[in-house]
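In this chain, residues are counted from 1 in sequence order. These numbers come from a predicted model, not from an experiment. Values reported hereafter were calculated over all heavy atoms of this structure, with side chains retained and with hydrogens, waters and symmetry mates removed.
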Amino acid sequence: MFRQKLSPSLIFLSSSLLLPVAVQADELNTQQNAANQGLTVVTANRSAMSVDETLASVTVITREDIERSQIRSTEELLRKQANLTVKKDGGKGHGSTVFIRGTNSSHVLVLIDGIKVGSATLGLTSFQHIPVEQIERIEIVKGPRSSLYGSEAIGGVIQIFTRKAGNKPFSPRVFVGAGSDQTTVASFGASGRVDDTGYSVQLAREQTDGYDVKRDRENDKDGYKNLSASVNLSHDINEENRVTFNYLRVSNDLDFDANNQYANHSKGVNEVIGAGFTSQVTGNWETRINVGRSTDTIDSYKSSVLDSKFKNIRNTASWINTLDTTFDTLFMAGVDYQRDKVKSQTNYEKDSRINVGYFLQAQHALGNSAFEASVRLDDNQQFGSHYTGSAAWGYSFDNGTRFHTSYGSAFKAPTFNDLYYTPGGNPKLDPETSKTLEIGLAGAIEAFNWSITWFQTHVDDLIQWDLDPVTYNFTPDNVDKARIKGVELAADTVFFDWVIKADLSLIDPENRGSRFDGEDLIYRPSQSFTLNMDRDFDKFSTGLTLVAQNEQSYEDYSVWPSELDTIEGFVTVDLRAGYKLTNDITLQTKVENLFEADYETSKDFRQPGLTYLVSLTYQP
């Protein structure tokens, strides 16, 4: 039976780095503000609250984090977070899928500025096309959230916020960079406020010649272009009422490897547009109305001839009411509307569906304890009604240590491809369902912050596409089950002015109920470790990121019946440095994969070797 064994060296390395260090408390307290303590988040509970108050596992990537790390792709930002795994089919712009805590890549709900995005045909989000220059921050919530958001939130929720409207006078920013593989990057943005109106505008462009992704081809570079624009506006009508508007458009152009039977070039456009109205009706009653539309378009070409065309359109609306009572209890009630529409050359028996969800949440504080409970009903045109719920309890000890535990159910509706793709769709599919238990403990010793979280998820009715030996078509069915359990450990501190953060994830992603019963789920490494170290020397700054991941399985379709095989683990090291030429201009450089590790996260699609980027940023 194929099982991944724990790597003693990886565990020893990460455990030693997570140990507390002896440093002076004043020095720590000065620099520890960088650790996301006390940040306000909205994704976990659909209402604003601090990270410390939430009873969910929440990670926040701020704009400051992005600029310090010099990471140039959204999927890389996610890959270097605890218990997030990214399967990437090549270099810049190539397909990327994200797994949270070992659940399927389609079990991740993704929002951009509060608008639900993703492909209704594939059930995935094009993270590879979202430029980091457009991002203000990212909130990641691990664990089920279907009782608040509906379908897809089995593994968790990722919400990306574009550059926010400013509260200061006109403030421009310019970024230019160049690097390996003939890569060039440029962006211009401005934010500010005029009377009661705040604004932010951002334009960005990136281009690269790429590299030869497939091992069986030589000198076949896979180039990529990305052009994006975003706008954010907010207007205060008065002290009680505010309106907002957001828009993001990304166009992309990608070359990729394929044999003569398949497309080798694609052009796509992703758009998100939304508007919102918030009113403080009374001192303790707030109402919010949001409407939005997201589109995902991709045209594929074979030898410059259009081969296929897909356009996913998602219209959404929500009305949420929050009531803060005098009994330390907060109630939230809301309704969500969603309509998905598919336009394609492929014939779908049905090409649209409507989902309406109703949810209720209560939060209560009692002494050192905090309680949360939520329930939701989703009524879908294609699979009927579905109930989900969750409950959580947290306790804060007098020494600052916090304990939390939660239990929640979630579900994932079948995609249009699952139901109606020709050939192979199955309109009789049921939604995938899950139940998750989580227990966590977090605290601090002086300014050494630590946390440990244990979780276990059971997923039923997993949809799997199997190859029919007669027709040689892939067809889906509710045949699989999975049991995923794991532990996440995180710590951050300061040692001789070095800000250090380390994350270790250990999971056991077991397949149950199929012919691979007892084996690991594919593309889920059982161990991953991330270390970040940064230090400022007045005008000069430097940093390092180390990522280690053990072997993972994949399904080999080159034999019949297909078999499981393994992709080797890897360790990568990135170095970065920056120098403030003036108060407004910063010179930065970054080297990725310093030791040129030859590795894959998707079988036969090699990842980049040593790459570099040199950049200048102007921001008064």
J.: In plain terms, say whether Arg101 and Glu438 are close enough for a salt bridge, that is, a side-chain N and a carboxylate O under 4.0 Å apart.
T.: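 Counted as a salt bridge, because a side-chain N and a carboxylate O are separated by less than 4.0 Å.
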
J.: Sub-3.5 Å donor-acceptor pair from the side chain of Ser505 to the main-chain atoms of Asn83, do we have one?
T.: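 Pair found, side chain donor or acceptor close to backbone of Asn83.
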
J.: I'd like to know whether OH of Tyr387 has more than 12 heavy-atom contacts from other residues, nucleotides or ligands below 6.0 angstrom.
T.: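 No, not enclosed.
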
J.: Any heavy-atom pair between the side chains of Asp378 and Phe359 that's under 4.5 Å?
T.: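 Phe359 does not reach Asp378 side chain to side chain.
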
J.: Around Lys580, counting heavy atoms of other residues, nucleotides and ligands shown, do more than 12 lie under 6.0 Å from its NZ?
T.: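 More than 12 within 6.0 Å, yes.
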
J.: Heavy atoms, side chains only, cut-off 4.5 Å: are Thr125 and Val108 in contact?
T.: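 Side chain of Thr125 against side chain of Val108, heavy atoms only: no contact under 4.5 Å found.
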
J.: Using distance alone, with no hydrogens and no angle criterion, decide if Thr457 and Thr436 have a side-chain donor and acceptor under 3.5 Å apart.
T.: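 Judged by distance alone, the side chains do pair up.
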
J.: May I ask you to decide whether Arg68 forms a salt bridge with Glu64, counting only side-chain N to carboxylate O separations under 4.0 Å?
T.: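 Salt bridge present between Arg68 and Glu64.
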
J.: Answer whether the closest heavy-atom distance between the side chains of Arg46 and Gln361 falls below 4.5 Å.
T.: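 They are not in contact (no side-chain heavy atoms under 4.5 Å apart), so the answer is no.
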
J.: Salt bridge between Lys80 and Asp574, side-chain N to carboxylate O under 4.0 Å?
T.: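 A salt bridge is present here (some side-chain N lies under 4.0 Å from a carboxylate O).
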
J.: Is it true that Asp336 and Lys116 have a side-chain N and a carboxylate O under 4.0 angstrom from each other?
T.: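 Salt bridge between Asp336 and Lys116, a charged N being under 4.0 Å from a carboxylate O: no.
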
J.: Check the angle between the aromatic planes of His364 and Phe371 and answer parallel, tilted or perpendicular using the 30° and 60° thresholds.
T.: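 Answer is parallel, since the angle falls under 30°.
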
J.: Decide whether Ser47 and Asn45 meet the rule of one side-chain donor and one side-chain acceptor closer than 3.5 Å.
T.: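 There is no such pair (donor and acceptor under 3.5 Å, judged by atom type) between the side chains of Ser47 and Asn45.
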
J.: Answer yes or no: is there an ion pair linking Arg402 with Asp52, defined by an N-O contact shorter than 4.0 Å?
T.: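 Salt bridge: no.
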
J.: Would Lys142 and Glu488 pass as an ion pair if we require N to O under 4.0 Å?
T.: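 A salt bridge links Lys142 with Glu488.
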
J.: Below 4.0 angstrom, N of the basic side chain to O of the carboxylate: do Glu133 and Arg163 qualify?
T.: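 Judged by the 4.0 Å cut-off on N to carboxylate O distance, Glu133 and Arg163 do form a salt bridge.
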
